[in-house]
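One structure is given below, encoded as structure tokens.
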Amino acid sequence: MQRDHRIPASFPNGHHCTKKIQQCCLHLQRVISPTSEHLLQALNDQEVQDWFAAMQTAKANYLKGQPNPTPSPAMSEQSSMDQSQQDSELYPDAMKAILGVPGNHQCADCSATTDVEWASINLGIVLCITCSGVHRGLGVHVSKVRSLNLDKWDRATVEFMLSQGNLKANSYYEARLGSGMFSDIRKPQANASKIERTQYIQQKYVTLAFVVNDDDKIINP
């Protein structure tokens, strides 16, 4: 069941509009305004509730003509401490470490060796800029894309990336590629069109077409 929450918002022209938030699946929130659309993901149910509580407070203050509460000095100090703690937990030179994993010198999906500066942090792979765009279109429930050189990387995420890598991921997601009923399917090359990449990437990560399943193990023990 979807829940809609409408929050008044003002724009430069003085007109008011509404932002609609829909719970589209577990911990995913789609934020829609007249000018943009964003898909956000919470870590848990409590964070979702905190979001809605904060937005309802902002809505109430807006209707009363009151500004949002200003954080107290104690809250600001705590926020600074939390930020310092988060910074201390960041992984130094994460990009170099992740690209050093065997197979991560090239894109996991098209084998391009240039502009390989993106990663899917839940799949544990690195990607070129073109394939990363296709991954973003899959939705964060399939692939969470992050920049290797623009985003901050915490230790836990980097350690997961170091434990995976393109070779390990492809041995699973491409296990049946080029054999059996998929003998005519070839991996896209670096100069492949967006349509070719999209079709392949959807087969690889959404339908899991090339993954060895239990039936394959029975037929080919």
Side-chain angles (χ1 to χ4, degrees), residues 19 21 23-33 35-55 58 68-110 112-170 173 201 205:
K19 287 183 179 179
I21 298 194
Q23 184 172 356
C24 55
C25 57
L26 182 62
H27 300 156
L28 292 179
Q29 307 295 325
R30 189 180 298 278
V31 182
I32 306 172
S33 74
T35 59
S36 63
E37 178 176 337
H38 304 277
L39 186 64
L40 309 177
Q41 183 176 36
L43 296 177
N44 49 53
D45 289 329
Q46 183 58 51
E47 190 169 84
V48 174
Q49 296 304 318
D50 290 343
W51 282 359
F52 288 127
M55 287 186 290
N68 288 329
T70 301
S72 66
M75 292 177 63
S76 298
E77 182 178 354
Q78 181 62 46
S79 177
S80 297
M81 292 175 60
D82 291 343
Q83 183 61 49
S84 297
Q85 181 178 359
Q86 291 176 7
D87 290 342
S88 68
E89 295 175 352
L90 296 179
Y91 195 101
D93 210 353
M95 181 175 180
K96 181 178 179 180
I98 293 172
L99 291 179
V101 175
N104 284 9
H105 64 288
Q106 61 185 21
C107 176
D109 294 330
C110 73
T113 56
T114 57
D115 296 322
V116 185
E117 299 178 350
W118 300 84
S120 173
I121 63 173
N122 61 312
L123 297 175
I125 59 176
V126 297
L127 305 160
C128 68
I129 187 171
T130 307
C131 287
S132 72
V134 178
H135 274 253
R136 288 186 185 278
L138 301 179
V140 296
H141 59 293
V142 177
S143 183
K144 300 178 183 179
V145 178
R146 182 177 294 183
S147 170
L148 288 173
N149 62 351
L150 298 178
D151 291 320
K152 294 183 178 180
W153 288 78
D154 62 87
R155 290 184 178 278
T157 303
V158 174
E159 288 172 0
F160 171 75
M161 293 293 299
L162 298 181
S163 71
Q164 301 302 306
N166 289 357
L167 291 182
K168 184 175 181 179
N170 283 345
Y173 289 105
I201 289 173
Y205 301 106

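The model shown is predicted, which means the values in this text are computed figures rather than measured ones.
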| Between Ile125 and His135, does a side-chain contact (heavy atoms from CB on, under 4.5 Å) hold up when you go through it step by step? | CA-CA 11 Å; Ile125 59 176; His135 274 253; 3.9 Å; yes
| task | Apply side-chain contact (heavy atoms from CB on, under 4.5 Å) to the pair Met161 and Tyr91, showing each step before the final yes or no. | result | CA-CA 12 Å; Met161 293 293 299; Tyr91 195 101; over 6 Å; no
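Atoms CZ and CZ, on Arg136 and Arg146 in that order, are 10.5 Å from each other to the nearest 0.5 Å. Note that the CD1 atom of Ile129 and the OG1 atom of Thr114 stand 10.0 Å from one another [nearest 0.5 Å]. Annotation: the span from Thr157 atom OG1 to Glu89 atom CD amounts to 11.0 Å, rounded to 0.5 Å. Separation of atoms CD (Gln106) and CG (Leu167) is listed at 8.0 Å; rounding is to 0.5 Å. To the nearest 0.5 Å, atom NZ of residue Lys152 and atom CG of residue Leu150 are 12.5 Å apart.
Shown are Leu90, Ile98, Asp93; of these, the side-chain contact (heavy atoms from CB on, under 4.5 Å) with Trp153 is made only by Ile98. If you run side-chain contact (heavy atoms from CB on, under 4.5 Å) between Met95 and each of Val158, Asn149, Val126, only Asn149 comes through.
Residues Asp109 and Cys131 come closest through the heavy atom pair CB-SG, 3.9 Å. Taking both residues in full, the closest heavy atoms of Trp118 and Val145 are given as CE3-CG1, 3.9 Å, listed atom of the first, atom of the second, then distance. The minimum heavy-atom distance between Lys168 and Ser163, with the atom names listed, is NZ-O, 3.3 Å. Closest approach of Ser143 and Leu123 over heavy atoms only: OG-CD1, 3.8 Å.
For Asn104 (side chain) and Asn166 (main-chain N/O), a donor-acceptor pair under 3.5 Å exists by modelled atom type.
Pairs of residues two or more places apart, or lying in two chains, that qualify as side chain to side chain donor-acceptor pair (under 3.5 Å) and include a residue from residues 121-132 are Ser120-Asn122.
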